[in-house]
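Below is one structure, written out as C-alpha cells; the observations come after it.
Just so you know, these numbers come straight off a predicted model, no measurement behind them. Just so we're on the same page: letters track the sequence lines, and every chain starts at 1.
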Amino acid sequence: MPELPEVNTFQQYFNKTSLKQKIHAVQVHDGKIIRNVDEDTFVEKITNRKFVSSYRRGKYLFGKMDDGNHVLFHFGMTGDFKYYEDEMDQPKHERFVFIFKNGYRLGFDCPRKFARILYLEDLEKYIEEVGLGEDALVISEEDFLKKMEGKKASIKGFLLNQKIIAGVGNLYADEICYQTKIHPASKINALKPRHKKAIYKTMKDILTTAVNRTAYYKDYPDNWFFQWRVEGKKAPKGKGTVKISKVAGRTTYYFEHYQKLYD
DNA sequence: TGTGATGTTGAATG
DNA sequence: GCATTCAACATCAC
C-alpha cells in the first residue's frame, strides 16, 4: 500500500529498528528487484556498513550509510519491511535481508516484485536522472500552482505524476478529488484558481492526517472517501452511487454527479 | 480460470 | 520536441 503516508511509516520503522547497527551480513534470495548492481556487488557494498540516517522523498526512501552511500528502497505495490529475530518469522516473500550484529534482521518482503532497490553513490544525481518532483508535503503553494500552468492533462494524471510532485498515488488521488468535489478526469486548464488552491490545501491536509495516523486506514476520518471504494455503493446525503472508471490509466472511484467535471 | 491490484518505465501516440 | 497514454513487469487473491 505504499504511497507517501505508508512510506513515511516505513521510514519511521526503519529509523526505529535499523539505524546505527553494524550490518553483519546481507542475504539476497531474489536479486531481481535490485536494479542497478548485481547481487554480489550489493552484498559486498553493504556488508559491514551501518545505516546512519534516512531521507524520504515521495514514495522513495533512501537509507544513508556510514560511508556516505545510499540504498534506495522503492516499495512498488507490495513492498514492506519486517524486523525480526527468529528465522521462523521470516516473511513469506522476503527478497533480501540485512542481518545485524545483534542477531536481528531487517527483511524486505515483496510478493509482487515491483519494488526496486538501488545502491547509489550519488543521491543527487539519481534524483536528477529520475526527474523526481518535490515531495508533496514539502512543495509550496506557489510552486504547486506553477506546475499546473499550461497543463491540459486530467487532474488525476497530474497528481499521480511523480515528476511533478512526489508521493500521491492512486488512492490518495481519488481522495483529493472527492474532498474537493472535483471529477478526477477534469482538465487542469479548465479549473479555476480557487479549485487549484483547494486541491493544494486538500492534498496537504489529507497527507498530513494520514501521516499522523501512521497510514492506518481504520483510523482515518469517517467522512473520507476510502470506505466508498466499492462500485455501486450508496452514499448518504445525495451523493449518488460510486462510479468506477479509468482515468490516467488507473482504476478510479468517484461520485459521478457530486464531483463536477470541468472540461 | 480469468481478471485486476495501492507503482514505475519506456515505447507509442497525438 | 513536448505532453500524455498504454502495455509490460510478477505474483496473488477473488
Under 4.0 Å between a side-chain N or O of A:Lys59 and OP1 or OP2 of B:dT8? yes
Would you mind reading off the distance between A:Ile188 atom CD1 and C:dA3 atom P, rounded to a whole angstrom? 12 Å
Applying side chain to side chain donor-acceptor pair (under 3.5 Å), which residue pairs with at least one partner in residues 184-199 of chain A are found, sequence neighbours left out? A:His195-A:Tyr262
May I ask you to say whether A:Asp174 pairs ionically with A:Lys156, meaning some side-chain N is under 4.0 Å from a carboxylate O? yes
Restricting to non-hydrogen atoms, name the atom on A:Ile155 and the atom on A:His183 that form the minimum distance, rounded to 0.1 Å. CG2-O, 3.7 Å
For atom CZ of A:Arg250 and atom P of C:dC6, their distance in whole Å: 13 Å
Near DNA chain B, counting only heavy atoms under 4.0 Å, which residues of residues 154-169 of chain A show up? A:Gln162, A:Gly169
Which nucleotides of nucleotides 9-14 of chain C have their base under 4.0 Å from a protein heavy atom (B), which only their sugar-phosphate (S), and which neither (-), written as one string 5' to 3'? BBBS--
Euclidean distance, atom CZ of residue A:Phe226 to atom C1' of B:dA5 [Å, nearest integer]: 15 Å
Could you give the distance from NZ (A:Lys101) to CG (A:Asn48), rounded to the nearest 0.5 Å? 8.0 Å
Check side chain to side chain contact (heavy atoms under 4.5 Å, CB included) between A:Ser18 and all other residues, then give those that pass, not counting sequence neighbours. A:Phe14, A:Tyr83, A:Phe100, A:Leu106
Measure CG/A:Leu72 against C1'/B:dG7 and give the value in whole Å, please. 13 Å
Integer-rounded Å distance: C:dT5 P and A:Lys152 NZ: 12 Å
Can you tell me how the ring of A:Phe96 sits relative to the ring of A:Phe108, calling it parallel under 30°, perpendicular over 60° and tilted otherwise? parallel
Smallest heavy-atom separation, A:Asp89 atom then A:Lys82 atom, equals O-NZ, 3.0 Å
For residues A:Ile206 and A:Thr202, determine if any side-chain heavy atom of one lies less than 4.5 Å from a side-chain heavy atom of the other. yes
Intra- and inter-strand pairing of DNA chain B, written as dot-bracket with Watson-Crick and G-U pairs under 3.5 Å and | for the latter, reads .||||.||||||||
Can you tell me how far P of B:dT8 sits from CD1 of A:Ile117, to the nearest Å? 13 Å
Send over the distance from A:Met148 CE to C:dT4 P, rounded to a whole Å. 12 Å
DNA chain C contacts made by residues 120-142 of chain A, counting heavy atoms under 4.0 Å: none
Would you say the side-chain atoms of A:His70 pair up with the backbone N or O of A:Leu72, donor to acceptor, closer than 3.5 Å? no
